[in-house]
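For reference, the structure is listed below as structure tokens.
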Amino acid sequence: MRRKPHFLFSEIDMRYWLMKSEPSDCSIDDLAKLPNQTVAWYGVRNYQARNFMRDQMQVGDGVLFYHSNCKEPGIAGIAEVSSTAYPDTTQFDKKSKYFDPKATPEQPRWMNVDVKLVRKIALISIEELKRHPELENMRTLQRGNRLSITPLDPAEWRFITTRLVHH
DNA sequence: GCCAACGTTGGC
DNA sequence: GCCAACGTTGGC
């Protein structure tokens, strides 16, 4: 049975994630134009981030879609996990920059989930996120953090989606 | 299994 | 473009 995806309701078995995307690669507007407003989160080549997708993500989990490595870094939209993990096809594609010669279809190394847009929001800049003491422990805001996928505490999710998102 | 060298990330 | 931080690689 599919759980309700509405982001304002927190459910006990639901998890929350912040996922970084470079807007030059896939921005929130790019996502909005894709079929089903859904994107395969391919290209993750970090084991910790892969393991989050492979071992912990469930359909319906809440996602903050974050613009990174760009002029205005910050949260650009709300999304949800819309599939469980499956092998990232780019690892087998010799022409892809994500090609991995050590991966085979029999023994895939990299996995990804699908992510579906819930809605675009007015950008919450990294500067604003850092202003709130409620968010001081957010992984993404920690010095030196580079992980492209990080778990969010339910309290952090609630604070951001109810207090910082303008309705 | 250590660790130096190297590559990548991503805010600034 | 800089560079701090951190992950990965590979010789030993």
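To find a chain, count down the sequence lines: A is the first, B the second, and so on, and within it residues start at 1. This is a predicted model, so every value here is computed, not measured.
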In this structure, would A:F159 and A:L123 fall into the same cluster of hydrophobic residues linked by side-chain contacts under 4.5 Å? no
Heavy atoms under 4.0 Å, any strand shown: does A:K130 hit a base, just sugar-phosphate, or nothing? sugar-phosphate
Name the closest nucleotide to the A:Y47 side chain, picking from C:dT8, B:dG11, B:dG7. C:dT8
Select one nucleotide: of B:dG10, C:dG7, B:dG11, the one nearest the side-chain heavy atoms of A:I126. B:dG11
Length of the line joining [X]:[atom1] and [N]:[atom2], which is rounded to integer Å:
{"X": "A:R45", "N": "B:dT9", "atom1": "CZ", "atom2": "P", "value": "11 Å"}
{"X": "A:L18", "N": "B:dG11", "atom1": "CG", "atom2": "C1'", "value": "15 Å"}
{"X": "A:L129", "N": "B:dG11", "atom1": "CG", "atom2": "P", "value": "11 Å"}
{"X": "A:D25", "N": "B:dG10", "atom1": "CG", "atom2": "P", "value": "12 Å"}
{"X": "A:N46", "N": "B:dT8", "atom1": "CG", "atom2": "C1'", "value": "11 Å"}
{"X": "A:L141", "N": "C:dA4", "atom1": "CG", "atom2": "P", "value": "21 Å"}
{"X": "A:R146", "N": "C:dA4", "atom1": "CZ", "atom2": "P", "value": "14 Å"}
{"X": "A:N145", "N": "C:dC3", "atom1": "CG", "atom2": "P", "value": "22 Å"}

Will you find, in the side chains of A:Y86 and A:N112, an N or O donor that is under 3.5 Å from an N or O acceptor? yes
Do any side-chain nitrogens or oxygens of A:K20 fall under 4.0 Å of OP1 or OP2 in B:dG10? yes
For the side chain of A:R54 and the backbone of A:W110, is there at least one donor-acceptor N/O pair under 3.5 Å apart? no
Main-chain N/O of A:D88 paired with A:T90 side-chain donor or acceptor, under 3.5 Å: no
